[in-house]
Amino acid sequence: MLKLQARTTVTSQFFRGHNFPVDTPSLRVSEVPLHGIIRIQGDSESAQTRAIIESVLALNLPLPERSTQDKSKRLAWVGPNEWLVLCAVEEELGILDELTKALADQFSTVTLVSDSRVSFLVAGDVAADFVAKGCAIDLHATAFPVGATVTTRFAGLPAMLLHRDTCEYVLYFDVSMAGFLIDWLSDAAEEFDV
């Protein structure tokens with residue numbers, strides 16, 4: 001019988017010849033280990049749908065381009081009628097099951113997308129400058145505060161950008177882009193190396 005081994009990161013196979021992860025006094029760029037990502041698509045105008053999501057997650061639905069969180073999970077606005085639940089991988093199946101059952105009678109879908117995404121943490125004093133190299137989002141704290149989230153293009157690829165904490169950003173991509181991203185992130189970080 002074939003014995004499968006679970007992986008928590010996907011980019012390690014692309015590290016050869018690259019200075020990745022990046023770790024300098026002012027900039028850290030690394031892959032975020034696998035975590036739960038659940039997509040909820042539903043009618044955001046439906047008071048019942050909104051109430052069900054909020055009740056199951058014990059979180060308020062975020063405003064557009066924002067996220068809400070508690071100690072164990074975050075709910076991010078992705079677009080009209082779509083949100084992502086970000087949680088520990090150990091909790092994803094329980095949350096998925098609860099949401100699926102609770103929203104069964106609503107015009108909605110709940111999908112586990114954890115394995116289809118790769119995410120990168122960009123942190124440090126120059127994190128905003130580094131992120132700005134890849135996208136045209138105004139990253140000033142008044143325009144893109146902690147908790148802000150936006151679907152954009154980064155390095156020419158579709159991405160979700162989350163301002164997770166002061167000087168901390170998380171970028172989410174389709175996992176098939178991992179090799180290209182290691183090249184791009186490594187090259188872009190060279191000017192920040194001290």
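Values below: every heavy atom of this structure, side chains too, minus hydrogens, waters and symmetry copies. Residue numbers run from 1 in the order of the sequence given.
- Distance alone, capped at 3.5 Å, is enough to place a donor-acceptor pair between the Ser114 side chain and the Ile37 backbone.
- Residues Phe180 and Phe173 are members of one and the same hydrophobic cluster, defined by side-chain heavy-atom contacts under 4.5 angstrom among Ile, Leu, Val, Met, Phe, Trp and Tyr.
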### Task
Assess whether side-chain contact (heavy atoms from CB on, under 4.5 Å) is satisfied between Thr111 and Ile38, documenting all intermediate values.
CA-CA 6 Å; Thr111 313; Ile38 302 164; over 6 Å; no

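- Residues Asp115 and Val175 fail the side-chain proximity criterion, which asks for heavy atoms closer than 4.5 Å.
- In this structure Glu191 satisfies the salt bridge (Lys or Arg N to Asp or Glu O under 4.0 Å) test together with Lys133, sequence neighbours excluded.
- Within a 6.0 Å sphere centred on CD of Gln69, other residues, nucleotides and ligands contribute more than 12 heavy atoms.
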Which donor-acceptor pairs under 3.5 Å do side chains of residues 78-90 form with protein atoms, sequence neighbours excluded?
unit_1, atom_1, unit_2, atom_2, d
Asn81, OD1, Ser44, N, 2.8
Asn81, OD1, Ser44, OG, 2.8
Glu82, OE2, Arg39, NE, 2.9

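- At a threshold of 4.5 Å between non-hydrogen side-chain atoms, the residues Val22 and Leu185 do not count as touching.
- By the side-chain contact (heavy atoms from CB on, under 4.5 Å) test, Asp70 is found to be paired with Leu59, Ser72, Lys73, residues two or more places apart in sequence or in another chain being considered.
- Note: the hydrophobic cluster containing Leu93 also contains Leu99 (ILVMFWY, side chain heavy atoms under 4.5 Å, direct or indirect links).
- Formation of a donor-acceptor pair under 3.5 Å by the Ser116 side chain with backbone atoms of Val113 is found in this model.
- Under a 3.5 Å cut-off, the side chain of His163 and the backbone N or O of Tyr169 do not form any donor-acceptor pair.
- For Leu63, the side-chain contact (heavy atoms from CB on, under 4.5 Å) partners two or more places apart in sequence, or in a different chain, are Arg66.
- Of the possible polar contacts, none joining the Thr149 side chain to the Ala76 backbone as a donor-acceptor pair under 3.5 Å is found.
- Side-chain atoms of Leu57 and Ile40, non-hydrogen and from C-beta on, do get closer than 4.5 Å to each other.
- Of the options Val170, Leu162, Thr68, a side chain to side chain contact (heavy atoms under 4.5 Å, CB included) to Arg74 is made by Leu162 and by none of the others.
- A pairwise comparison of heavy atoms in Glu92 and Gly36 identifies OE1-CA, 3.2 Å as the closest pair.
- When all heavy atoms of Ala127 and Cys167 are compared, the pair lying nearest together is CB-O, 3.7 Å.
- Partners of Cys135 under the side-chain contact (heavy atoms from CB on, under 4.5 Å) rule, at least two apart in sequence or in another chain, are Val131, Ile137, Thr152, Phe154, Leu161.
- Within the 4.5 Å cutoff, the side chain of Tyr172 has no heavy atoms near those of the Val32 side chain.
- Applying the side-chain contact (heavy atoms from CB on, under 4.5 Å) rule to Arg28 yields the partners Asp23, Ala123; only residues at least two apart in sequence or on another chain are considered.
- Residues Ile182 and Phe120 meet the side-chain proximity criterion, which asks for heavy atoms closer than 4.5 Å.
- Residues Ser108 and Gln41 bring no donor and acceptor atom of their side chains to less than 3.5 Å of each other.
- Contact check for Asp43 versus Gln106: no side-chain heavy atoms found under the 4.5 Å cut-off.
- Listed for the Ser55 side chain is no donor-acceptor partner under 3.5 Å among the backbone atoms of Ala51.
- Side-chain heavy atoms closer than 4.5 Å link hydrophobic residues (I, L, V, M, F, W, Y) into clusters, and following such links, possibly through other members, connects Leu96 to Leu75.
- The hydrophobic clustering, which links ILVMFWY residues whose side-chain heavy atoms are closer than 4.5 Å, places Leu121 and Leu157 apart.
- Placement of Val122 and Val146 in two distinct hydrophobic clusters is found when ILVMFWY residues are connected by side-chain heavy-atom separations under 4.5 Å, directly or transitively.
- How far OG of Ser119 is from CE of Met160: 9.0 Å, rounded to the nearest 0.5 Å.
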### Query
Under the side-chain contact (heavy atoms from CB on, under 4.5 Å) criterion, do Phe192 and Asp129 qualify, and how do the steps go?
CA-CA 9 Å; Phe192 298 94; Asp129 295 332; 4.0 Å; yes

